[in-house]
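Please read the structure below before turning to the comments.
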Amino acid sequence: MPELPDVEGFRGVLADHTRAEIRRVDVLDAQVLRGVSGRRLDDALRGHHFTAPRRHGKFLVGPLDGGAAVLFHFGMTGELRWARDGDRHPHDRVVFVLPGGELRFRDMRKLQGIRFAADDDAVARILGGVGPDAMDVGRERFAELLTRRQVKATLTDQSVIGGIGNLLADEILWRARIHPRRKGADMSTEDVRWLHARMRTVLSAAIPTGRVPPRKSWLTGRRDEPAGSCPRCGTTLRHGRAGGRGTVWCPSCQPE
DNA sequence: GTGAATGTTCATTC
DNA sequence: GGAATGAACATTCA
C-alpha cells in the first residue's frame with residue numbers, strides 16, 4: 001500500500017501518541033528490524049516517548065525525547081495502527097506498548113521494516129539516499145530531475161523524488177495526460193510545468209484521505225477492473241509495463 | 001501450480 | 001556512465 005499519502009496517514013497515527021511513555025517494545029518478528037536488535041530497540045525506547053513525527057518520502061521518522069529516532073518504512077504491505085485492546089494480528093511484527101494501548105507495526109510481506117537512529121546524523125544518513133520529498137520539489141528543481149529516462153521510472157525512483165509509488169505515478173501521469181514511457185528529455189517546458197502542477201494536485205487530494213483514493217473518477221478506481229474505462233473519455237484502459245512495474249494508462253488521453 | 005501485488009536493491013546487459 | 005530489465009526478498013490472493 002504505502003505511498004506518500006498513506007505514510008502521511010501513519011504519521012497522523014503516531015502523532016496522536018506522542019508524549020505517552022513507552023513501557024516496552026515487543027518484537028514479535030525480528031526480521032523487520034534493520035540494523036538494530038530487538039534488545040537494543042527496547043532498551044533505547046523504554047521509558048522514553050515519541051515527539052512530533054515527520055515524513056520524508058515514504059519514510060516515517062518518529063523522533064524520541066533525547067535525540068534518537070525510530071524510522072519506519074512500510075514496503076508494500078506495512079501499516080501502523082493504534083489499538084486500545086483486542087488481539088494482535090499474526091502480521092503484527094513490532095508493538096510499542098504505551099499506557100493506554102499499543103502502536104502496532106503490521107507488515108505481511110516484510111519487504112522493508114524498522115530502523116533505529118541514535119542521533120540526527122544517523123537519521124540524515126538514512127534519509128540521505130532519498131531525493132527531495134514530492135511535496136517539497138519546486139517547479140524548477142522538478143524540471144532538472146526529469147532526464148532522458150522514462151518519466152514514470154523517474155517519478156517512482158526514490159533517490160530522485162521521495163514519496164511517489166506505482167499507483168500515484170500512474171494517477172499523476174493520467175491526470176497530466178502524459179504517457180508513462182515518455183522520455184523526460186522529450187517533454188516541453190510546458191509539459192513539465194503541467195506535470196508538476198498535476199503531481200501537486202493529486203498529492204494534495206490524496207493526503208487528507210490517507211491513501212490513493214480508489215474513486216471512480218480517478219484512474220486508481222478503475223485500474224483493477226479487467227476492462228476498466230477511462231473516467232475522462234471512456235476509452236478502455238491499457239495495461240502494460242513501464243519503469244519495471246505494472247502500469248495502467250489511457251491510450252486516448254495519453255498517446256505514446 | 002502460476003503470476004502478480006501500492007517497494008527496494010543488486011546484478012546483468014545494452 | 002546511463003538506462004532498462006530481471007531476479008531476489010516474503011507472503012497472500014486470484
Side-chain angles (χ1 to χ4, degrees), chain A residues 1-11 28-35 55-60 71-81 89-94 105-115 125-131 133-134 144-175 179-187 199 202-203 205-207 209-215 218-228 237-249:
Chain A
M1 265 202 208
E3 301 184 58
L4 190 155
D6 310 84
V7 180
E8 200 59 43
F10 302 143
R11 188 179 66 77
L28 307 166
D29 187 336
Q31 246 183 309
V32 300
L33 298 182
R34 308 288 158 128
R55 182 192 58 71
H56 186 91
K58 296 173 185 172
F59 275 101
L60 173 63
L71 281 82
F72 300 85
H73 195 304
F74 300 91
M76 287 175 80
T77 55
E79 57 182 314
L80 185 67
R81 53 168 65 205
H89 187 277
H91 297 150
D92 286 335
R93 312 297 186 186
V94 176
F105 177 77
R106 184 176 299 182
D107 187 5
M108 178 178 77
R109 288 174 65 183
K110 301 186 279 189
L111 291 174
Q112 296 297 319
I114 291 175
R115 297 164 197 248
R125 273 196 297 280
I126 295 169
L127 297 182
V130 182
D133 188 84
E144 291 166 8
L145 296 174
L146 293 179
T147 60
R148 74 195 69 177
R149 294 173 73 184
Q150 294 179 2
V151 62
K152 176 168 179 179
T154 302
L155 288 178
T156 55
D157 184 339
Q158 300 305 298
S159 69
V160 177
I161 298 170
I164 298 175
N166 201 36
L167 259 60
L168 269 177
D170 283 1
E171 190 68 48
I172 291 165
L173 290 165
W174 173 74
R175 198 74 72 95
H179 191 282
R181 281 194 290 263
R182 280 275 295 282
K183 304 287 169 72
D186 294 343
M187 291 166 54
M199 173 177 79
V202 170
L203 289 173
I207 286 174
T209 75
R211 61 192 299 197
V212 187
R215 298 177 190 149
W218 287 43
L219 178 72
T220 305
R222 312 285 184 112
R223 63 180 298 142
D224 292 334
E225 299 170 11
L237 296 169
R238 288 279 299 275
H239 293 252
R241 293 192 85 74
R245 305 295 304 276
T247 299
V248 180
W249 71 95

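In what follows, every heavy atom counts, from backbone to side chain, and hydrogens, waters and symmetry copies are set aside. In what follows, every chain begins at residue 1, and chains take the letters A, B, ... in the order their sequences are listed.
Within the nucleic acid shown, A:Arg148 comes within 4.0 Å of sugar-phosphate atoms alone, with no base atom in reach, counting heavy atoms only. The residue A:Thr147 sits close only to the backbone: its heavy atoms come under 4.0 Å of sugar-phosphate atoms, none of a base.
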Between A:Asp92 and A:Arg106, does a salt bridge (charged side-chain N to carboxylate O under 4.0 Å, His left out) hold up when you go through it step by step? CA-CA 4 Å; A:Asp92 286 335; A:Arg106 184 176 299 182; 2.8 Å; yes
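Tested against A:Asp170, the residues A:Arg222, A:Arg238, A:Arg223 include a single salt bridge (Lys or Arg N to Asp or Glu O under 4.0 Å) partner, A:Arg223.
Between atom CG of residue A:Leu168 and atom CG of residue A:Leu155 there is a gap of 10.0 Å, rounded to the nearest 0.5 Å. The NE2 atom of A:His91 sits 12.0 Å away from the CG atom of A:Leu28 when rounded to the nearest 0.5 Å. Between atom CG of residue A:Leu173 and atom NZ of residue A:Lys152 there is a gap of 7.5 Å, rounded to the nearest 0.5 Å.
Atom name P, nucleotides B:dT8 and C:dG1: the rounded distance is 25 Å, in whole Å. Taking the P atoms as reference points, C:dT5 lies 15 Å from B:dA4, given to the whole Å.
Across the protein-nucleic acid pair, A:Ile126 atom CD1 and B:dG7 atom P stand 20 Å apart, rounded to whole Å. For the pair A:Lys183 NZ and C:dA3 C1', the computed distance is 9 Å after rounding to whole Å. Between the CG atom of A:Asp157 and the C1' atom of B:dT9 there is a distance of 11 Å, given to the nearest Å. Computed from coordinates, the A:Asp107 CG to B:dG7 P distance equals 13 Å when rounded to whole Å. Atom P of nucleotide B:dT8 and atom CG of A:Asn166 are separated by 11 Å, given to the nearest angstrom. The nearest whole Å value for the distance from the CZ atom in A:Arg149 to the C1' atom in C:dG1 is 13 Å. Atom-to-atom, CZ of A:Phe59 to P of B:dG7 comes out at 13 Å; the value is rounded to the nearest Å. Atom CD1 in A:Ile161 sits roughly 14 Å away from atom P in B:dG7 (whole-Å rounding).
The aromatic ring centroids of A:Phe72 and A:Phe59 lie 6.0 Å or more from each other.
The partner of C:dA10 cannot be assigned: no Watson-Crick or G-U wobble pair with both contacts below 3.5 Å exists in any strand.
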Where along nucleotides 5-12 of chain C does protein come under 4.0 Å, by heavy atom, of base (B) or sugar-phosphate alone (S), with - for untouched nucleotides? ----BBBS
